[in-house]
Amino acid sequence: MPELPEVETVRRTLTELAAGKTIASVDVRWPKMIKKPEAEPFRDALLGETIHSIDRRGKFLIFQLDHYALISHLRMEGKFSVNESSEAEAPHTHVIFSFTDGSELRYRDVRKFGTMHLTEKGMEHELSSLKALGPEPFDPRFTPDYLHARLQKTSRQVKTALLDQIIVTGLGNIYVDEVLFRARVHPHRVSSTITPEEAAQIHAYTISVLAEAVERGGSTIRTYVNSQGQKGTFQEVLNVYGRAGEACVECGAEIVKTKTAGRGTHICLQCQPIEHLI
DNA sequence: AGTCTAGCCTGGGAGC
DNA sequence: TGCTCCCAGGCTAGAC
């Protein structure tokens, strides 16, 4: 599932493949994924636009064009690739941007969860979903004190709070489990009981886990590949996610799987003590 | 205002 | 073999 490291890897590979190309036509096969404007004006607006650069904000990709910004969220399964128009089309291809040089940017998404928005250039951060985002984990404004203060204000379980992109952007279900394991904090701890010392650990591991995952090109758990079709390697160093029933790398206890707000959660109960639960 | 839940989607695996 | 059920989970809209 694309979280910050996967989206950043897609951004980098896609920049190499698509920057400088000009859109000649757009084919939208699944109009529902175009959230703003409607699919038809979306398509018309993009004709003749050149992709100058690709930015990332949280888990959103932002294509900077001549007059517009195209905002894309991959959600769980979305993938971009650049192909020659003669190449066979992969199943579940929902949007095709054909370039003037004969190549194509293809978006495919088995689950159809991904979204695209188009805004006037420079107005992308006014989009409600981007406007609401909290600091990037690598932003100097994301400090231990900030994180502790935000956690103090909520009664939610700490894992749920960390998945809230308003507090910090970029963590998803895989990396949040890894961060909390490394910080030795149980995911179901009430956020307001997290001490300044624990917040500092969570803060430090949020940064280091995401940075290492970016270096490794993300994690390939199910189907993730970057825009050049390559898998990430961070899954090789995951300590808890997807390791239910295996021995903890720190203490040898069995990793258990439970649920947090409907999501799978992986814990070592020995390393992540269970007091202060909701 | 803060928190929670249903819904969006499909493929793959388990169970019968 | 073939059917049904459940799970994967980021984000939003709407309810409480």
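Reckoned from all heavy atoms, side chains included, excluding hydrogens, waters and symmetry mates. Below, read A as the first sequence line, B as the second, and so on, with proteins coming before strands; counting in each chain starts at 1.
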Has [X] got a side-chain N or O lying under 4.0 Å from the OP1 or OP2 atom of [N]?
| X | N | answer |
| --- | --- | --- |
| A:R263 | C:dG10 | yes |
| A:S155 | B:dT3 | yes |
| A:K257 | C:dA8 | yes |
| A:T154 | B:dT3 | yes |
| A:Q165 | C:dC11 | yes |
| A:S129 | C:dC11 | no |

Nearest-angstrom distance from the residue atom [atom1] of [X] to [atom2] of [N]:
| X | N | atom1 | atom2 | answer |
| --- | --- | --- | --- | --- |
| A:I166 | C:dG10 | CD1 | P | 15 Å |
| A:N173 | C:dA8 | CG | C1' | 9 Å |
| A:M76 | C:dG10 | CE | C1' | 5 Å |
| A:K35 | C:dA13 | NZ | P | 9 Å |
| A:K36 | C:dT12 | NZ | P | 13 Å |
| A:R57 | C:dC11 | CZ | P | 12 Å |
| A:M116 | C:dC11 | CE | P | 16 Å |
| A:E3 | C:dC11 | CD | P | 9 Å |

Query raised in the report: Base, sugar-phosphate, or nothing: which does A:G262 touch, judged by heavy atoms less than 4.0 Å apart?
Result: nothing

**Report entry** Touch class at under 4.0 angstrom, heavy-atom based, for A:E77 against every strand present
**Finding:** nothing

Query raised in the report: Hey, which of A:Q157, A:R156, A:K159, A:H188 is the one that makes side-chain hydrogen bond (donor to acceptor under 3.5 Å, both in side chains) with A:T260?
Result: A:H188

**Report entry** Sidechain N-carboxylate O distance under 4.0 Å for A:E136, A:R56
**Finding:** yes

Requested in this report: Report the nucleotide, chosen from C:dC11, B:dC4, C:dA8, that has the shortest atom-to-atom distance to any side-chain atom of A:R156.
Outcome: B:dC4

Requested in this report: On DNA chain C, check which nucleotide each of A:S128 and A:K259 is closest to and give me the residue with the more 5' one.
Outcome: A:K259

Around [X], counting heavy atoms of other residues, nucleotides and ligands shown, do more than 12 lie under 6.0 Å from its [atom1]?
| X | atom1 | value |
| --- | --- | --- |
| A:K231 | NZ | no |
| A:Q230 | CD | yes |
| A:E246 | CD | yes |

Requested in this report: Answer with yes or no after comparing the ring centroid distance for A:F234 and A:Y175 against a 6.0 Å cut-off, counting only values under it.
Outcome: yes

Query raised in the report: Is it true that the side chains of A:T143 and A:H203 contain a donor and an acceptor less than 3.5 Å apart?
Result: no

Restricting both atoms to N or O, compile the protein contacts to nucleotides 8-12 of chain B shorter than 3.5 Å, with distance only.
residue : atom : partner : partner atom : Å
B:dC9   : OP1  : A:K32   : NZ           : 2.5
B:dC9   : OP2  : A:K32   : NZ           : 3.1
B:dC9   : O4'  : A:R111  : O            : 3.4
B:dC9   : O2   : A:R111  : NE           : 2.7
B:dC9   : O2   : A:R111  : NH2          : 3.4
B:dT10  : OP1  : A:K112  : NZ           : 3.0
B:dG11  : OP1  : A:H92   : NE2          : 3.4

Report summary line: In A:N226, A:V82, A:I51, the residue satisfying side-chain contact (heavy atoms from CB on, under 4.5 Å) with A:L14 is A:V82

